[in-house]
Amino acid sequence: MASGEALVRVQNVHKVYHRGNERIDVLRDLDVNVGKGEFLALMGPSGSGKSTLLNIIGGLDRPTEGGVEVGERRIDRLNDGQLASWRARHVGFVFQFYNLMPVLTAERNVELPLLLTNLSRAKRKKQVETALALVGLSDRAKHYPRQLSGGQEQRVGVARAIVTDPTLLLCDEPTGDLDRKSGDEILDLLEGLNQQHGKTIIMVTHDPLAAARATRVLHLDKGQLSSEAAA
Amino acid sequence: MKYLHLVWANLRRRRLRSLLTVLSILVAFILYGLLSATNKGFNAGVDLAGNDRLVTIHKVSLIQPLPVSYQSRIETLEGVDAVTYSNWFGGIYQDPKNFFPQMAVDPAPFLDLYPEYVLSPEELEAWKADRTGAVVGRALAEKFGWKVGDRIPIQGTIYRNQETGGLWEFNLVGLYEAGTKDADETQFLFRYDYLNEGMGGSLGVVGWYIVRIADPDQAPQIAEAIDSTFANSPAETKTTTEKAFGQAFAQQVGNTAAIIRAVLAAVFFTILLVVGNTMAQSVRERTNELAVLKAMGFSNGRVMALVLAESCLLALVGGALGLLVAAILIQPVGKALSGFLPVFYMPPKDMAIGIAIVLLLGLVTGVPPALQAMRLQVADALRRA
Amino acid sequence: MLAFLDQVVAVTLMNLRALKERAASSLVAIVGIAGVVLVLVAVLSIAEGFRATLTSAGSPDTALVLRAGSDTEMTSGLTLEDTKIIADSPEVLRDEQGAVASAELFVIIALPKISTGTDANVPLRGVQPAAFSVREDLRIVEGRNFEPGRNEVIVGQGAQGQFAGLGVGDLIELGQAQWTVVGVFTTGGTIADSELWCDAKVLQPAYRRGNSFQSVYSKLKSPEAFEAFKDALTSDARLNVKVMRETDYYAGQSTILITLIRTLGILIAILMGLGAVFGALITMYTAVASRTREIATLRAIGFASMPVLISVMAEALLLAVVGGLLGAGLSFLVFNGYQAATMNWQTFSQVTFAFAVTPKLMILGFLYSLALGFVGGFFPALAAARLPVATALREA
């Protein structure tokens with residue numbers, strides 16, 4: 001168990017999917033705590049439930065049983081609307097395929113989550129600039145996603161995830177679609193965010209080298225923790 | 001408003017498709033505008049009809065004349081304010097194709113009962129002074145290039161005086177203008193005493209009477225009183241409000257309103273399908289992006305609003321342009337149709353209904369895809385990507 | 001050449017198999033085109049039906065005589081003397097009863113329409129006995145013919161369908177006189193079916209027409225006798241008349257309304273067609289877009305751009321054909337024979353007629369749908385053929 005106060009408490013979480021008549025237990029009575037300021041890597045084979053766990057922690061999915069608490073808040077008890085506004089304030093997502101809006105420029109993409117706040121246009125602009133500077137893409141602000149390389153796109157994705165200064169940064173295979181060099185740059189970025197800015201990060205990955213950057217690694221298999229190791 | 005750029009960017013994603021959608025909506029609303037003007041044209045007489053005017057015709061049919069003596073008898077009836085007559089002439093100017101209505105009337109009383117025909121006092125004096133004088137609507141004068149002072153020959157078909165073989169000549173002494181948009185500017189009005197004189201001075205009958213009453217609420221009772229005055233006489237009458245008279249006449253042409261509604265329904269149903277399908281398509285293509293927005297914390301309602309804003313914007317741009325083009329087209333089309341439909345314009349009420357339909361179209365086409373977007377399960381949608 | 005055809009067939013079949021996946025948008029294109037064809041054919045069938053009613057009236061050997069300067073029977077007037085001179089013409093056919101010529105009166109009366117409940121004008125024709133020899137097609141389908149000298153009328157089938165109170169045995173009040181409906185007749189859907197007929201001798205005093213008439217319908221010995229008949233009457237110093245073939249007279253009456261309906265109908269069809277073309281374009285562009293990768297792959301393998309173009313066109317035309325057939329078929333089922341009534345502007349009286357969805361109109365509608373499909377398919381097809389293979393493979 002990680003030291004320090006726990007930011008995320010996953011308690012006895014069970015998750016069942018039904019595919020036709022078939023019942024799939026994706027997560028089985030899982031207990032996970034993530035401390036504030038941790039950089040946790042979730043590893044495991046395909047279908048082990050690591051992405052489901054990430055989605056549940058991020059409020060995109062609800063556990064069938066059990067509770068999820070993030071910063072003293074039982075998010076599994078929130079309704080859809082409450083979850084949405086909770087995500088807007090507390091979670092930043094980074095996706096494997098970046099998932100940028102192709103119709104918007106980099107800065108407009110980064111600005112998207114800020115639209116949900118009450119910030120003025122000038123404030124939003126300033127925060128977008130800060131986030132883009134942090135990922136080293138100030139000079140690409142006016143570019144459209146198709147004009148960027150994969151690594152640059154993912155850095156825009158990271159900027160978008162951190163622009164609201166969320167409590168939690170959730171990354172689903174952030175380097176899965178990148179070459180080694182670009183992937184390393186993203187990992188450097190995440191590491192920096194964790195160490196210098198104290199961001200709590202949970203990252204799902206296949207890649208042991210990526211996992212090695214984390215402060216802690218959890219292995220999932222068939223919906224259960226198989227081992228835990230501190231990096 | 002801060003989301004506007006997102007909506008706009010999405011519409012620009014498939015520019016051609018958005019353009020085609022806007023164009024098909026535009027076409028639908030041009031059609032709407034023109035059909036609304038056509039409908040107005042068919043029913044202008046009904047809408048214009050003052051509810052203080054009654055029309056008294058022969059009970060058997062409109063073409064049966066009524067004795068001139070009826071005028072003074074109607075005037076004495078309780079609640080009757082003023083009475084005048086009108087007589088259909090049915091003549092031909094140069095060619096039967098140049099159809100326009102010609103009426104033999106008593107100038108001053110006629111204009112008094114029809115304040116929507118505006119004639120200057122000088123022209124009225126000139127008309128009173130010239131037995132062969134005639135006044136015509138401005139639109140009619142423009143159509144045939146007539147000017148005050150012209151002599152206009154018209155071949156009588158029903159009325160033929162022996163010495164001229166049915167050819168009547170009129171002095172154009174004035175042009176009347178429509179006091180309201182619904183008034184017919186294509187009438188040719190001339191003096192009944194000229195007609196009577198030409199026919200030997202013993203016509204003794206007129207086409208129908210127009211009766212102004214003091215209190216419109218009394219219309220049924222007064223109509224009843226007029227008809228019972230002439231009951232069991234050789235020429236029994238039938239009196240109705242001018243509105244009912246006009247309605248009955250319009251309905252003889254056929255139920256134009258129903259035909260127009262049917263065509264519009266077909267058009268809008270088709271457009272609804274096209275636009276609805278386009279919207280659904282564009283949402284389907286963007287499932288993943290919408291899921292990302294939701295992951296970011298966009299609520300269901302907000303995602304739905306974004307999709308609805310898109311469909312409404314499409315409808316609004318297409319609809320507004322369509323109504324505008326229709327409004328511009330109505331002028332020349334109306335001129336071309338003036339012989340058949342003297343009144344041709346889109347009433348403000350139809351314009352308002354048009355705008356309401358625009359919004360409704362935007363909402364109806366946007367709701368199914370918007371609901372689909374709203375119900376999107378983020379986790380599933382992202383996994384599918 | 002064979003290889004080229006093979007390519008076309010292969011690509012087209014592949015496209016059509018994928019139609020299932022685009023069912024919704026393809027259906028929209030079909031319904032859109034069907035809607036346009038339906039409205040076009042329906043509106044034109046009104047004009048066609050109206051025309052058929054007026055022009056099928058009369059045969060070429062029947063002549064109509066009016067007073068000179070009159071365009072309609074309504075405004076015409078002939079004395080008894082006039083009508084006798086006309087009937088005595090040598091060109092007029094004769095039978096046992098004498099000249100086959102009927103001097104007639106034409107007035108209108110107000111009767112309530114069934115559909116609206118308001119009064120509309122119905123033509124009432126007073127005829128002489130010879131009228132039934134002039135109109136050989138006339139048959140009494142219910143009741144009996146009127147008896148000369150009595151206040152009796154027979155009503156056309158069309159008029160009976162549109163106006164209230166025209167059943168056999170019903171009474172019609174005209175002024176102070178009461179008339180009895182004693183029979184129903186038909187002439188097979190011509191304009192006479194919209195009329196009420198009675199004895200001219202009874203109608204004359206009722207309308208204070210003395211001994212005057214408005215028209216003479218006469219059967220000539222042959223259609224060719226018309227010119228001689230016309231020349232003889234118009235040059236006769238005792239007469240001042242206008243002589244027309246019955247067919248021309250009724251054809252002339254139909255022109256205003258037919259022109260109006262046709263113009264309106266075509267205008268509506270063009271505007272709606274534009275809308276449908278946009279719909280078809282959207283569908284086909286979407287179809288091409290959703291197959292970008294497929295098409296690019298085919299091109300990469302070595303398919304020429306022409307088969308791709310043709311296959312997209314083929315798909316658009318297929319949608320148009322289905323839509324066109326649907327629209328034309330539906331218009332036939334829904335509108336053919338639909339009974340309606342409108343105003344004959346020349347006589348201000350009601351004409352009943354049936355919408356006529358003729359094969360010609362259906363073919364016209366179908367061809368229009370093909371044109372819509374062609375336009376709707378051509379540009380997307382061009383876009384597909386011009387697809388830059390390399391970028392298309394990378395994107396998609």
Side-chain angles (χ1 to χ4, degrees), chain B residues 14 16-17 19-21 23-28 30-31 34-35 38 57-64 90 92 96-97 99 155-158 160 165-166 232-236 238 244 247-249 251-255 259 262-263 266-267 269-271 273-274 276-278 280-281 333 337 340, chain C residues 24-25 27-29 31-32 35-36 38-39 42-43 46 67 69-72 74-77 107-110 113 115-116 118-122 124 173-176 207-208 240 256 260 264 267-268 271-272 274-279 281-283 285-286 289 340-343 345 348-350:
Chain B
R14 298 238 189 254
L16 188 66
R17 187 167 65 188
L19 184 74
L20 289 171
T21 311
L23 283 177
S24 51
I25 297 173
L26 183 135
V27 164
I30 293 177
L31 205 54
L34 292 181
L35 288 180
T38 308
I57 61 168
H58 193 289
K59 194 177 177 189
V60 172
S61 87
L62 183 59
I63 62 164
Q64 304 288 102
I92 295 167
K97 284 201 191 73
F99 172 82
Q155 173 66 43
T157 59
I158 307 166
R160 298 167 181 248
N232 299 317
S233 74
E236 290 189 306
K238 188 168 70 181
Q247 244 155 12
F249 195 79
Q251 271 162 353
Q252 292 202 43
V253 179
N255 199 341
I259 292 174
V263 170
V267 172
F269 178 69
T270 311
I271 298 297
L273 281 178
V274 169
N277 184 50
T278 312
Q281 190 94 36
V333 172
L337 283 177
F340 190 80
Chain C
S25 93
L27 205 63
V28 167
V31 172
V36 176
L38 183 71
V39 171
V43 174
I46 298 176
R67 176 168 66 185
S70 300
D71 282 301
T72 71
M74 283 265 285
T75 57
S76 170
V107 299
I108 57 178
I109 59 172
K113 239 176 148 169
S115 60
T116 58
T118 53
D119 281 1
N121 300 328
V122 192
L124 173 60
E173 272 187 45
L174 296 179
Q176 272 141 353
Y207 275 67
R208 289 185 192 74
N240 179 24
I256 291 190
L260 180 84
L264 267 178
L267 193 76
I268 291 172
L271 279 174
M272 280 189 78
L274 269 176
V277 163
F278 296 141
L281 278 171
I282 292 173
T283 307
Y285 270 119
T286 312
T342 188
M343 180 128 82
W345 289 92
F348 288 108
S349 56
Q350 295 281 295

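Since this is a predicted model, take the numbers as computed values, not measurements. Residue numbering restarts at 1 for every chain, and letters A, B, ... go by the order of the sequence lines.
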- prompt: Sequence neighbours excluded, which residues qualify as side chain to side chain contact (heavy atoms under 4.5 Å, CB included) partners of Val39(C)?
  reply: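 Only Val263(B), Ala266(B), Val43(C), Ile268(C), Met272(C) meet the side chain to side chain contact (heavy atoms under 4.5 Å, CB included) criterion with Val39(C).
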message: Using 0.5 Å steps for rounding, measure from the CG atom of Asn277(B) to the CD1 atom of Ile282(C).
response: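 Spacing of CG (Asn277(B)) from CD1 (Ile282(C)) equals 8.0 Å.
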field: CG-CG distance between Leu23(B) and Leu274(C), expressed to the nearest 0.5 angstrom
entry: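 It is 8.5 Å, given to the nearest 0.5 Å.
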For [X], is it the side chain, the backbone, both or neither that has a heavy atom under 4.5 Å from a heavy atom of chain C?
{"X": "Ile92(B)", "value": "side chain"}
{"X": "Leu16(B)", "value": "side chain"}
{"X": "Leu35(B)", "value": "side chain"}
{"X": "Ser233(B)", "value": "backbone"}

query: In terms of heavy-atom pairs under 4.5 Å, which option from Arg17(B), Arg14(B), Gln64(B) contacts chain C the most?
result: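 Winner by heavy-atom pair count: Gln64(B).
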Best-contacting candidate, Asn232(B), Ile158(B), Thr157(B), against chain C by heavy atom pairs under 4.5 angstrom: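 It is Thr157(B).
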- request: State, with a plain yes or no, whether a side-chain heavy atom of Phe278(C) is found less than 4.5 Å away from one of Val27(B).
  value: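 In short, these two side chains touch, coming nearer than 4.5 Å.
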query: Do you know which two heavy atoms are closest between Gly275(C) and Ser24(B), and how far apart they sit?
result: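 Looks like O-CB, 4.0 Å.
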task: Not counting sequence neighbours, which residues clear side-chain hydrogen bond (donor to acceptor under 3.5 Å, both in side chains) with Arg67(C)? List them please.
output: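 Arg67(C) satisfies side-chain hydrogen bond (donor to acceptor under 3.5 Å, both in side chains) with no other residue.
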